[in-house]
Amino acid sequence: MNYTEALKYMDNAGRSGIRPGLDRIRELLARMGNPQDKCRIVHAAGTNGKGSVCTMIAAGLQAAGYTVGRYISPAVYGRREIIQKNGQWISEEDAAALITKIAQITKDDEDKPTAFETETAMAYAYFAESGCDAAVVETGMGGRLDATNVIAKPWLCVITDIAMDHMQFLGNTIEEIAGEKAGILMPGCPAVFCRGDARAAAVLEAAARERGIDYRFASPSEVTNIRRSLESGQTFDYNGYKDLNIRLLGTCQIANAVTAVDAMEMLGLSEENIRTGLREAVWPGRFDIVQRSPLLLEDGAHNPDGAAALADSIRKYLPDRKIVLIMGVFADKDYDTMLRIMAEVSDTVYTFRPPGRRGLDAGMLARAAGKYFTESIACATQREAVQAALTQAGSGGAAVHFGSLSTLAGLRQIAGGKRNENRQERI
């Protein structure tokens, strides 16, 4: 298959939807020689923040001289973004070759792998075949039954902030969701947890003790001397380190950074490499400036916890500005709670429907927003919503775009930024 043909194959695989379980991926990887066991792997789970944490860890490992693979979930700006080596996306040729290989291996299978299982197998094979010394791998959803959870002995497990999301698959309480995330923990493999919700922390600690794991909690509450700037990022002190600096904006990134610090310490990285990992990490789409005049920011907040973090960032970074919101969200998200939270920092929201079957109708979202906002305006397109919000915000205000990661590539295109590929197709 060439790359175009490979994408059509992945589109067909994607029609089977989400089917949690490990039997198919284990069988597939066994036929491929178990590439997941060919390099050191940092395995990360969590509801929010795992992408930022993994980016910092990967940057620190690269600073220490490792050739580092990355498996990202979900893609935001392009189909090939999910599989990387030293920050470079997998090539079209390599992606097509791996998809062809998997298609041939499974051509006679009645129960064929899902699109996510195929991508996961591709990532592990690519890391093994392209000479990665280490890889940083994110779960797609949950942990225990996630397709990535087939590593015999992870180098390190990391679990970031845990909140309510994907309840139809993971459970209806924080404890149940934490238990699913804890499914990535393996006996004898160390772990780092972000100390967030006390109920989640208790579940993680119990799981670590049961498995005899060397673990530690990163503690955002111990951070001091925080300084924030839209221009230079954030600087803070933590656990004996003075003046740690991250370019990533957003108040939630402090918790992500200290989780990454503890993880890099457990991996044996030097202070210089830790500092470099924090400073060099770039993770677009998370309280990120798209343009400065008029000011437009994007954020991937897609659940109530993410919305609360976004609202907190708006208060701290933009205290004296008029805020106009732009929102497109999936219908299966708790958008009502998100709207209630975001109404605390703005009185105006423009809504649009994200692409794809899961996208919530703009009018339905605007009607839900009417309970909380003075103005809630449904727009026919994302472009219309962005342009209207920028006009209303004016030169002294700020437009903030949020609701679904899948909409961020479209925002960049609207604002004139580079967009590599159509986000809607899978790799």
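Position 1 is the first residue of the sequence, and the numbers go up from there.
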Residue pair [X] / [Y], side-chain heavy-atom distance below 4.5 Å:
X      : Y      : value
Ile184 : Arg144 : no
Trp89  : Ile83  : no
Ile72  : Lys50  : no
Phe402 : Val329 : no
Asn48  : Thr160 : no
Thr118 : Lys112 : no
Leu204 : Ile159 : yes
Gln382 : Tyr350 : no

What I want to check is whether the side chains of [X] and [Y] have a donor and an acceptor closer together than 3.5 Å.
X      : Y      : answer
Thr55  : Arg70  : yes
Tyr241 : Glu265 : yes
Glu231 : Ser229 : yes
Ser270 : Asn273 : yes
Thr120 : Tyr71  : yes
Tyr238 : Asp262 : yes
Ser221 : Ser219 : no
His43  : Thr139 : no
Thr251 : Asp312 : yes
Glu138 : Ser73  : no
Asn303 : Asp334 : no
Asn34  : Gln36  : yes

Is it true that Tyr317 and Phe287 have ring centroids separated by less than 6.0 Å?
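Yes, the ring centres sit under 6.0 Å apart.
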- Please find out if less than 6.0 Å separates the ring center of Phe352 from that of His401. yes
Measuring from [X]:[atom1] to [Y]:[atom2], what's the distance to the nearest 0.5 Å?
X      : Y      : atom1 : atom2 : result
Asp37  : Arg40  : CG    : CZ    : 14.0 Å
Arg19  : Phe116 : CZ    : CZ    : 13.5 Å
Gln234 : Ile226 : CD    : CD1   : 7.5 Å
Tyr335 : Met338 : OH    : CE    : 11.5 Å
Lys101 : Leu98  : NZ    : CG    : 7.0 Å
Leu325 : Met327 : CG    : CE    : 9.0 Å

Quiz item: Quick check: are there more than 12 heavy atoms from other residues, nucleotides or ligands sitting under 6.0 Å from CG of Asp23?
Solution: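 It does not: Asp23 CG has 12 such atoms or fewer within range.
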Residue pair Thr235, Asn245: steps toward the side-chain hydrogen bond (donor to acceptor under 3.5 Å, both in side chains) verdict = CA-CA 4 Å; Thr235 303; Asn245 176 255; 3.2 Å; yes
Taking the basic N atoms (NZ, or NE/NH1/NH2) and the acidic carboxylate oxygens, is any pair closer than 4.0 Å for [X] and [Y]?
X      : Y      : value
Asp161 : Arg195 : no
Asp332 : Arg358 : yes
Glu298 : Arg412 : yes
Glu129 : Lys85  : no

message: Between Leu296 and Ile289, does the side-chain contact (heavy atoms from CB on, under 4.5 Å) criterion hold? Intermediate values first, please.
response: CA-CA 6 Å; Leu296 172 63; Ile289 297 174; over 6 Å; no
Chi angles and distances behind the salt bridge (charged side-chain N to carboxylate O under 4.0 Å, His left out) call for Lys181, Asp146: CA-CA 9 Å; Lys181 308 288 185 185; Asp146 190 81; over 6 Å; no
### Message
Please determine whether side-chain contact (heavy atoms from CB on, under 4.5 Å) holds for the pair Asn256 and Gln253, giving the CA-CA distance in whole Å, both sets of side-chain angles, and the decisive distance to 0.1 Å.
### Response
CA-CA 5 Å; Asn256 296 332; Gln253 296 295 356; 3.0 Å; yes
Of all heavy-atom pairs linking Val158 and Ala263, the shortest is CG2-CB, 4.1 Å
Exercise for review: Kindly indicate, with the supporting measurements, whether the criterion side-chain hydrogen bond (donor to acceptor under 3.5 Å, both in side chains) is fulfilled by Ser404 and Ser406.
Suggested key: CA-CA 5 Å; Ser404 173; Ser406 68; 2.8 Å; yes
Across all chains, not counting sequence neighbours, the salt bridge (charged side-chain N to carboxylate O under 4.0 Å, His left out) partners of Asp320 are none
Is it true that a side-chain atom of [X] and a backbone atom of [Y] form a donor plus acceptor pair closer than 3.5 Å?
X      : Y      : value
Asp133 : Thr67  : yes
Glu117 : Thr114 : yes
Arg80  : Ile90  : yes

- Report the C-alpha distance between Ile99 and Met122 in whole Å, list the side-chain angles of each, state the deciding distance to 0.1 Å, and finish with yes or no for side-chain contact (heavy atoms from CB on, under 4.5 Å). CA-CA 7 Å; Ile99 292 170; Met122 288 171 62; 3.5 Å; yes
Contacts of Trp155 meeting ring pair (Phe, Tyr, Trp, His ring centres under 6.0 Å) (sequence neighbours excluded), chain-then-number -> Tyr66
Take Gln291 and Leu390 through the side-chain contact (heavy atoms from CB on, under 4.5 Å) test and state the conclusion after the steps.
-> CA-CA 11 Å; Gln291 66 179 45; Leu390 287 171; 3.9 Å; yes
Return each pair, listed once, that meets side-chain hydrogen bond (donor to acceptor under 3.5 Å, both in side chains) where at least one residue sits in residues 197-208; pairs must be two or more places apart or across chains.
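Output for this query lists Asp197-Arg199, Glu205-Arg209, Glu205-Tyr215.
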